[in-house]
Amino acid sequence: MIHCVLHDPRDSVAVVVVEGVVAGATLTGLILDEDRTITLPCVQDIPLGHKVALKDLAIGDTVIKYGVDIGKVVQPIAKGAHAHVHNIKTKRW
């Protein structure tokens, strides 16, 4: 089962595409540009449509989703953790 998707292997987050992603699960992610999968541990419950961190991210790091800069980290995010508006902010303002 595919739990999350990303486009570029250099993405720092993937989008959860199924319901019921819970802490302790092992997620399978599909890298769409390469048609291959990766696995990663999930350390927090993550709702459908939200992001999961693919690596540890520090305050100030740029967040890449689908090969695009979507913002900066404002609170540390561990690999496998929920990445959303509570720990990522736009760089626009």
Would you give me the side-chain donor-acceptor pairs under 3.5 Å for residues 14-28, sequence neighbours excluded?
none

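The distance from the SG atom of Cys4 to the NE2 atom of His50 is 14.5 Å, given to the nearest 0.5 Å. Atom CD1 of Ile64 and atom CG of Asp11 lie 7.5 Å apart (nearest 0.5 Å). Note that NZ of Lys65 is 9.0 Å distant from CD1 of Ile88, once rounded to the nearest 0.5 Å. Atom CG of Asp35 sits about 6.5 Å away from atom CG of Leu30, to the nearest 0.5 Å. Separation of atoms CD1 (Ile77) and CG (Asp56) is listed at 10.0 Å; rounding is to 0.5 Å. Here the OG-NZ distance, from Ser12 to Lys79, works out to 13.0 Å after rounding to the nearest 0.5 Å.
Classified by interplanar angle (parallel below 30°, tilted 30° to 60°, perpendicular above 60°), the ring pair His84/His82 is parallel.
There is no path of hydrophobic side-chain contacts, each under 4.5 Å, that joins Tyr66 to Val13. Put simply, Ile2 and Ile46 are part of the same group of oily side chains (I, L, V, M, F, W, Y) that touch within less than 4.5 Å, one to the next. Leu57 and Val43 fall into different hydrophobic clusters, where Ile, Leu, Val, Met, Phe, Trp and Tyr residues are linked whenever their side-chain heavy atoms come under 4.5 Å apart, directly or through other members.
Under the rule for a side-chain hydrogen bond (donor to acceptor under 3.5 Å, both in side chains), the partners of Asp69 that lie at least two apart in sequence or sit in another chain are Lys91. Shown here are the side-chain hydrogen bond (donor to acceptor under 3.5 Å, both in side chains) partners of Gln75, two or more places apart in sequence or in another chain: there are none.
At a threshold of 4.5 Å between non-hydrogen side-chain atoms, the residues Thr37 and Ile31 do not count as touching. Under the 4.5 Å side-chain criterion, counting only non-hydrogen atoms from C-beta, Leu40 is in contact with Val52. Side-chain contact between Arg36 and Pro9 is present, with at least one heavy-atom pair separated by less than 4.5 Å. Counting heavy atoms from C-beta on, the side chains of Asp8 and Leu32 never come closer than 4.5 Å.
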Working for side-chain contact (heavy atoms from CB on, under 4.5 Å), residues Thr62 and Ile70: CA-CA 8 Å; Thr62 294; Ile70 64 161; over 6 Å; no
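Of all heavy-atom pairs spanning Val74 and Lys89, the tightest one is CG1-CG, 3.5 Å.
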